[in-house]
S.K.: 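Can you read through this structure? Questions will come right after.
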There are 2 protein chains.
Amino acid sequence: MTINDVAREAGVSVATVSKVINGRYGVAVSTSERVQQVIDDLGYESSLVARSLRSHRTNVIGILVAEFEPFSTEILKGTSQAITDTGYELLAYSGGGRAGTSVGWERRYLSRLSGTLIDGAILVTPTVVEPGGSVPVVAIDPHAGPAGMPTVDSDNFAGASTATRYLLGLGHRRIGFLGGRPDLESSRQREDGYRSALAEAGVAVDPDLMRVGGYRRASTVEPARELLTRPDRPTALFAANDLSALGVMDAAAALGLTIPDDVSLVGFDNIPESALTTPPLTTIHQPIQQMGAAAVDLLVHLMDGSGDRDTHVRLPTDLVERGSARAL
Amino acid sequence: MTINDVAREAGVSVATVSKVINGRYGVAVSTSERVQQVIDDLGYESSLVARSLRSHRTNVIGILVAEFEPFSTEILKGTSQAITDTGYELLAYSGGGRAGTSVGWERRYLSRLSGTLIDGAILVTPTVVEPGGSVPVVAIDPHAGPAGMPTVDSDNFAGASTATRYLLGLGHRRIGFLGGRPDLESSRQREDGYRSALAEAGVAVDPDLMRVGGYRRASTVEPARELLTRPDRPTALFAANDLSALGVMDAAAALGLTIPDDVSLVGFDNIPESALTTPPLTTIHQPIQQMGAAAVDLLVHLMDGSGDRDTHVRLPTDLVERGSARAL
DNA sequence: TACCGCTACGAAAACGTTATCGAAAACGTT
DNA sequence: AACGTTTTCGATAACGTTTTCGTAGCGGTA
């Protein structure tokens, strides 16, 4: 079923059919109607591939996520909602979580798809990607913010220092930190916020109280256990994201420690799960869906040519007090 | 950056470059190495679009989800993991949750992509799709199971009757039901399971105790409130999926009722969130990720030609006892 | 030397679409 | 009737690949 079939059936040339499909000027109303009728009858849909090969325009934007975890999923929701009224469509690709092979898959995909299958891309991959692609790209929460690539993130520094100040305000002084990965920009910013708030309060930063949790639940359990079994156990823990906070909860539960009585806990992200834990997690809210929407917005402007190639959208964060932290 | 650039740079024809890329026979080792070197230097990646237009084979399978909610997300995880060693790649499309327009978007997408961009498709869309596409299609938890379309689902009937029997075993007799949508096969099967277990126990089915929740959290709150404010309030509720169960929890909390003391609750699906609620949700476990993996498996066989066009994989369900139901 | 078979390579046709441009037809004006 | 203008339409060349097939080169054999 190609455009040729339609043309033959309607008794016109393929050029005319193409014009009808794309609503171009220069075809008589009667012809247009007849062709449209045939299209409907045959249930013809033009091939996205052929179209894009020729016209270099597809009206789809691609979103590359490293893995389907709660954060990216929320981003997906945000983007897929934001995109509905833009006239674009969304195509998602996942690296499949195979962290090993993933060194350059974003770049590979980007160049395979760009210029042909997608008109623009949103990256939700932690690792860095050179902006040198042939299509506009917006990065969410990227490895590094500079490099002329438009980015969307939230105010990680302010959020982390708010969290830390909150714990300080509750009287805590020995506050442990479970970081993400040192190679991630967001992780560094959160650590900086933590350090800065401590310094500001005149509390010395104790490197022994800091661990790397890797932003994942399972990989945070052991580092958390280490902190929680110290003779001078910290009275509060700040986890660099909610997934890590879940890991802390696992570790605490395994040790028979209760939160927040034995140890206070604050997370970061406010993924949907964090409202459901026992106790519900006090955390720093990041407007994740809005970040997705902002990325779509930015990208659309970029593709229209009306965008600025190095705008950095930074959304505010704020504290959500729930039940996982209490005064000393 | 096209294959032409590579050819020119390497001093060979495009045909030769193509052969090198695809590892075809008939090119001297020395030439092959030289071309490969140029490819590496230039960072060339062949255009998926042009390739697929010509060869009608792309090695990517598409997955269409209606919306990014927990269930589809779990499916996505399952598929994207299962696909890693198959040599295929995964592209996901979302209808964007615009329920209104969505009447035939799956069909539209399918015919636009099939034969060109994807070699096969997995459908995670509740509405029906005619199997008449030009590529193999596997449906997960589809509207209707017959029609010669390969499907993967779980044993909804058995799961629902297990859940109901469990509540009966706890001594409950007035058990309310919050259904999905009457047009969904899985929803009907769960209702049937509920009815059957009641009948088997000699308990009359009371239509007043049955409501439609629509499988979503927000849309279940009101129907749940209706049931919970009846003078003869049911002592237990069975929600047709976990999202609805969350809605029940919302309604109960708003009414000042505690679960499980005032009313017992059992869900269905065992999405990750359900382990985190307060109290943790007792639910019917559906091996969601495995369902995704099974779909990949089925589809790959179908594409290899070694598959059977109307196999229906049905995975077992089982009860996960947590804290939301108790004996009367 | 003449012939054969094999390997290495390139020319060119296809895939299904869109864009350009020219021709034909229809219409209006003098 | 002659001419200019506008409308309608179709031939055709791209787009970047893969694939088929022809051919040049080359070593080996009679």
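So you know, we letter chains A, B, ... as the sequences are listed, proteins then strands, and number each from 1.
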S.K.: Judged by atom type as modelled, is there a donor-acceptor pair below 3.5 Å linking the side chain of A:Ser32 to the main-chain atoms of A:Ala28?
M.R.: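 Not at all, since once roles are kept as given, no pair shorter than 3.5 Å links the two residues.
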S.K.: I want to check something: taking the side chain as every heavy atom from C-beta on, are B:Val296 and B:Tyr88 in contact at a cut-off of under 4.5 Å?
M.R.: no
S.K.: Donor-acceptor check, side chain of B:Arg57 to backbone of B:Ser52, threshold 3.5 angstrom: yes or no?
M.R.: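 No, the answer is negative, given that no donor and acceptor are paired below the 3.5 Å cut-off.
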S.K.: Using atom types as modelled and distance alone, determine if a side-chain donor or acceptor of A:Arg34 lies under 3.5 Å from a backbone N or O of A:Ala10.
M.R.: yes
S.K.: In B/S/- notation, 5' to 3', how is nucleotides 15-28 of chain D contacted by protein heavy atoms closer than 4.0 Å?
M.R.: BBBBB---------
S.K.: Which pair of heavy atoms, one from B:Met291 and one from B:Asp153, lies closest together, and at what distance?
M.R.: CE-CA, 3.7 Å
S.K.: Under 4.5 Å between any side-chain heavy atoms of B:Asp141 and B:Val124, yes or no?
M.R.: no
S.K.: Just checking, any donor-acceptor pair under 3.5 angstrom between side chains of A:Gln189 and A:Glu185?
M.R.: yes
S.K.: For the helix from C:dT1-D:dA30 to C:dT30-D:dA1, figure out the bend between the end axes, five pairs an end, and round to 10 degrees.
M.R.: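 That helix gives 60° between its end axes.
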S.K.: Among B:Leu298, B:Thr151, B:Val138, find the one that has a side-chain contact (heavy atoms from CB on, under 4.5 Å) with B:Thr311.
M.R.: B:Leu298
S.K.: Using the heavy-atom set of chain B and a strict 4.0 Å cut-off, write down the first and last nucleotide of DNA chain C that makes it in, 5' to 3'.
M.R.: C:dT7 to C:dG16
S.K.: Are the side chains of A:Leu243 and A:Pro70 in touch, meaning some heavy atoms are under 4.5 Å apart?
M.R.: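 Yes, side chains in contact.
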S.K.: Between A:Arg314 (side chain) and A:Val152 (backbone), is there a donor-acceptor pair under 3.5 Å?
M.R.: no
